[in-house]
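Being a predicted model, the structure only gives us computed values, none of them experimental. Below, all heavy atoms of this structure are taken into account, side chains as well, without hydrogens, waters or symmetry copies. Ligands are counted one by one from 1 in listed order, and the atoms in each one are counted from 1 as well.
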Amino acid sequence: MNHFSPRRGTLACEAVPLTRIAKEVGTPTYVYSTATLIRHLTVLQEAFKGTPHLHCYAVKANSSLAILKLFAQRGAGFDIVSGGELVRVLAARGRASKVVFSGVGKTEEEMAFALKEGILQFNVESAEELLALDKVARRLKRVAPFAMRVNPHVDARTHRYIATGLKSSKFGVPFEEAIALYRKSRTLKGLNARGLDCHIGSQVTDAKPVQQAIGRVAELFRSLRGEGFALTHLDVGGGLGITYTDEKPPSVAEYARAVLTPLRGLDATLVMEPGRVLVGNAGVLLTRVLYRKKTPARSFVIVDAGMNDLIRPALYEAHHEIVPVVPRRGKKQKVDVVGPVCESSDVLGYDRALPPQEQGDLLAVLSAGAYGMSMASNYNARPRPAEVLVDGKSYRVVRRRESLEDLLRNETP
Ligand SMILES: *Cc1c(COP(=O)(O)O)cnc(C)c1O
């Protein structure tokens, strides 16, 4: 469900035609819909209404302050993977007490920062990290609440670059090691075992591996409690997939069933870390056609957004629908929509059937709200795009386009 649809022949975000944004803000620009963002969060919250829970939005999916603020105002917590993301959450008035800190490589500086801010829990991913956290906490005369992230060894059946629950994955620790580490933590004065954590991967379109993984983790949660650990939080990660083209991810109701069934009778606060499902279909990347070119082999439409702006197609072989903002009449033709970056992988879409394109026409790359702007870079010395947040009939530029001066800011020749 999203609020991007044609109005009188022009693709609009809510009530704002994308042509207006392109004219006033320029291109390439990310455009987000407030109504869609709020709806997605609300639907998730409703689905878990009967269970004590906290949705910790995975900041890495889209860390724009305006989006963090929308979610913070509606009660969400946050899942962070760096000190930088914590700075962003705090700047958006998110509460540290609703923050969980994930990731395999937290530095001691990041741990100290998060500890001083009073986050809810550190999701610890290795024995050495656990010892480092204890050391940092004792140095600061504090006690760090932690959850071990366990690797449930299930195949989330997603792209290999975004599966994290396989045996070969760098994430989490094996079950047996987790139990040993909880026991060890009893002797470490800087630590307090608060919960247990897992996350099996991203763009998960099948509820079965979710239920299977949570079943295993719930069992471990019960045995740890049996050993006297007063765990209060069970974090089941994020990963619910979205429809980019013809994927059929579980509905939120189906997902809730897969999560809640294995947790029946477990008296704990359920923590979830949704990222993509909240923001993915709430954003598009608006881009303009620069040139067309035909070679004996292919037809190209060259646009002003490239892989530095949206890297998912190049990085994950991801598919994004690409649609004309104002469709022209005429026969559709198959074209490769490519960016200006000097890489053969700078292709936003292969073999797309598009109506005739002219120089200056606008295209919208759909479902670009997640892992779009947050992965954008300055590759080829290209300034990163602007971001716009639409709300009904009006919009705000929530991040101005980077300038050429911005590109030089931190450098000394
Ligand atoms: C990336 C990530 C998420 C969010 O994943 P989505 O697929 O965007 O929902 C949640 N938790 C952890 C630990 C992650 O690394």
Please determine whether any non-hydrogen atom of Ala370 lies less than 4.0 Å from an atom of ligand 1. no

Can you name the atoms of ligand 1, numbered from 1 with element, that are less than 4.0 Å from a heavy atom of Asp79? 10 (C), 11 (N), 12 (C), 13 (C)

I'd like to check which ligand 1 atoms, numbered from 1 as shown, lie under 4.0 Å from a non-hydrogen atom of Lys60. 1 (C), 2 (C), 3 (C), 4 (C), 14 (C), 15 (O)

Under the ring pair (Phe, Tyr, Trp, His ring centres under 6.0 Å) definition, can you give me all pairs with a residue in residues 224-269, not counting sequence neighbours? Tyr182-Phe229, Tyr244-His320

Please check if the side chain of Arg194 supplies one atom and the backbone of Pro145 the other of a donor-acceptor pair under 3.5 Å. no

Which ligand 1 atoms are under 4.0 Å away from a heavy-atom of Arg149? 13 (C)

Nearest option to atom 9 (O) of ligand 1, as decided by whichever heavy atom of Gly237, Gly239, Cys198 sits closest: Gly239

Tell me if the aromatic rings of Phe175 and His153 count as close, with their centers under 6.0 Å from one another. no

Test item, Val277 contacting ligand 1 (heavy atom, 4.0 angstrom): no

Any side-chain donor paired with an acceptor under 3.5 Å for Arg352 and His319? yes

Can you tell me if CD on Glu128 sees more than 12 non-hydrogen neighbours from other groups inside 6.0 Å? no

Which one holds for Ser202 and ligand 1: side chain close, backbone close, both close, or neither close, with close meaning a heavy atom under 4.0 Å? both

Could you list which atoms of ligand 1 come closer than 4.0 Å to a heavy atom of Arg276? 6 (P), 8 (O), 9 (O)

Check contact between Tyr371 and ligand 1, using heavy atoms of the residue and a distance below 4.0 angstrom. yes

Which atoms of ligand 1 are found less than 4.0 Å from any heavy atom of Ser102? 13 (C)

Under 3.5 Å, side chain of Arg88 to main-chain N/O of Ser63, donor-acceptor pair present? yes

Does ligand 1 have a heavy atom under 4.0 Å from the side chain of Glu273, from its backbone, from both, or from neither? both

Partners passing salt bridge (Lys or Arg N to Asp or Glu O under 4.0 Å) against Asp304 (at least two apart in sequence or in another chain): none

So, do Phe122 and Phe146 have ring centers that fall under 6.0 Å from each other? no

